[in-house]
Number of protein chains: 2
Amino acid sequence: MPRAGLNHAVVVNLAAQVVDDGGPRGFAELSLAKVAAKAGVAAPSLYKHVGSLADLRRDVALIAVRELTAAGTSATVGRAGADALHSLATAWRSYAHEHPGRYAATQIGPDPEDPADARLREAAAESVQVVGAVLHGFGLPDDRVIDAVRAVRAGIHGFVTLELGGGFRMREDVDQSFTVLLDMLVAGVAALATSDTLLDHDATGSHR
Amino acid sequence: MPRAGLNHAVVVNLAAQVVDDGGPRGFAELSLAKVAAKAGVAAPSLYKHVGSLADLRRDVALIAVRELTAAGTSATVGRAGADALHSLATAWRSYAHEHPGRYAATQIGPDPEDPADARLREAAAESVQVVGAVLHGFGLPDDRVIDAVRAVRAGIHGFVTLELGGGFRMREDVDQSFTVLLDMLVAGVAALATSDTLLDHDATGSHR
DNA sequence: CGGGTTGGCTAATGGGAGTAGCTTTTAGGC
DNA sequence: GCCTAAAAGCTACTCCCATTAGCCAACCCG
């Protein structure tokens with residue numbers, strides 16, 4: 001009865017591999033049974049290293065979010081403005097293509113109350129910070145930064161989600177569509193910075 | 001031993017209610033056991049009306065997609081241009097707020113091969129058509145329509161997904177952020193129609 | 001009223017999460 | 001080099017859920 005030499009980090013990494021192997025649905029279909037099989041161990045043995053399936057899923061989400069943040073930061077060092085935004089967006093989309101399962105894991109909404117989600121919340125905030133830093137170079141007024149960050153996140157995330165989910169037919173043109181979306185976002189953010197008429201909405205809630 | 005009076009439609013509707021009751025995670029947590037409980041029936045009885053849990057999920061997704069399409073069409077009759085786009089987007093977002101579980105169901109990517117997914121594929125295509133019809137009023141060149149549709153879908157879907165997933169802090173300002181996003185998209189689509197410099201990319205793939 | 005169809009049931013299988021308690025390995029102290 | 005105690009595995013078990021099989025009652029049609 002030799003030992004498998006597992007520990008928390010190894011188990012989480014194996015889980016991340018299982019998630020990757022499963023394609024876009026890999027995260028949803030993650031199970032302790034699959035991880036145990038990959039580790040060459042009986043399923044209950046995993047509880048020596050992991051509290052529950054929910055914990056394991058959270059841990060996988062955490063490394064995925066951190067990897068995404070890292071990809072974004074390294075793609076934007078030494079860049080600014082539209083260049084930085086294109087680079088960031090492309091890096092994120094590439095990560096999603098290379099690790100569709102892990103990208104799905106980043107969509108987990110951490111519970112704002114649960115202390116167990118604290119590190120995940122923090123990691124998610126850091127990844128949003130990358131967008132904030134890139135948009136800082138556009139010289140937006142303070143009260144518009146949040147709108148711009150949300151729009152950019154929504155656009156990129158929505159595009160990648162739809163793409164991975166098979167929401168786009170005609171695969172050939174997807175790269176161009178992504179470029180067009182990014183140009184729209186860049187133009188929109190730039191317009192927001194200069195208070196263009198089309199984008200002139202005050203904060204007093206004229207809508208809804 | 002009285003009868004419960006179930007049939008396919010009733011079961012699917014009960015399932016949709018279960019999904020709604022479960023909030024944003026309602027669709028992921030849909031189970032035959034819950035539907036059976038709500039129907040006041042033993043779980044195996046459901047198999048008289050439904051092929052499997054997977055079938056039931058697909059059926060729920062189908063009604064959700066159709067409801068979303070209906071909400072979009074009725075929000076855009078008699079409107080055009082930016083007005084129509086705002087109305088469509090707001091209708092979709094409202095649907096997601098009122099039925100977060102069902103909205104999540106619409107994110108199912110139908111298998112392009114599986115004949116069982118045919119109706120869902122069709123319904124999804126119809127909902128995309130609504131966006132296409134709205135954007136038609138912008139006078140886009142034919143080879144740009146697809147890019148514009150994708151950008152708009154990505155923006156709206158991404159925003160709603162992030163919002164439902166708790167991705168935005170500071171709940172108060174979310175409505176304004178959504179308006180800003182829509183204005184960006186409207187401006188972007190308009191610019192695409194007039195071949196603005198910022199958005200001038202040809203199809204020969206200058207990127208990636 | 002009688003029989004077939006239909007809709008419900010109970011019982012049973014299989015698989016996955018999670019718990020309890022046992023055993024062996026292994027690291028450290030002596 | 002032992003001896004012990006913690007750590008890491010295992011088997012056996014429970015519970016929950018999906019799904020199948022086969023039974024029985026209710027309804028419909030003549």
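Sequence lines set the chain letters: A, B, ... in the order given, protein chains first and strands last, and positions in each chain run from 1. If you're wondering where the values come from, they're calculated on a predicted model, not measured in any experiment.
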Exercise for review: Considering just the side-chain nitrogens and oxygens of B/His49, establish if one lies under 4.0 Å of OP1 or OP2 belonging to C/dG8.
Suggested key: yes
From CG of A/Leu32 across to P of C/dG15 the rounded distance in Å is 17 Å
query: Is there a donor on the side chain of B/Arg3 or the base of C/dT6 sitting less than 3.5 Å from an acceptor on the other?
result: yes
Rounded to whole Å, the CG-P distance (B/Asn7 to D/dC27) equals 15 Å
In whole angstroms, the gap separating P of D/dC10 from CG of A/Leu46 amounts to 9 Å
Quick note, A/Pro44 side chain, CB onward, closest among D/dA18, C/dC9, D/dA12 is D/dA12
### Task
Verify ring pair (Phe, Tyr, Trp, His ring centres under 6.0 Å) between B/Phe159 and B/Phe168, making sure each step is shown before the conclusion.
CA-CA 9 Å; B/Phe159 193 95; B/Phe168 297 148; 5.0 Å; yes
Assign each of B/Lys48 and B/Leu53 the nucleotide of DNA chain D bearing its closest heavy atom; nearer the 5' end lies the nucleotide of B/Leu53
Taken to the nearest whole Å, NE2/B/His8 to C1'/C/dT6 is 17 Å
Q) Does a side-chain N-to-carboxylate-O contact under 4.0 Å join A/Asp21 and A/Lys38? A) yes
Could you tell me whether B/Arg25 atom CZ has more than 12 heavy atoms of other residues or ligands within 6.0 Å of it? no
Separation of C/dG18 atom P from A/Tyr47 atom OH, nearest Å, is 4 Å
- With heavy atoms under 4.0 Å as the rule, sort B/Ala4 into base, sugar-phosphate or nothing. sugar-phosphate
(Q) Using a strict threshold of under 4.0 Å (side-chain N to carboxylate O), is an ion pair present between B/Asp111 and B/Arg58? (A) no
Here the distance between atom P of D/dC17 and atom CG of B/Leu30, to the nearest Å, is 12 Å
Below the 4.0 Å mark, does C/dG7 have OP1 or OP2 next to a side-chain nitrogen or oxygen of B/Ser45?
no
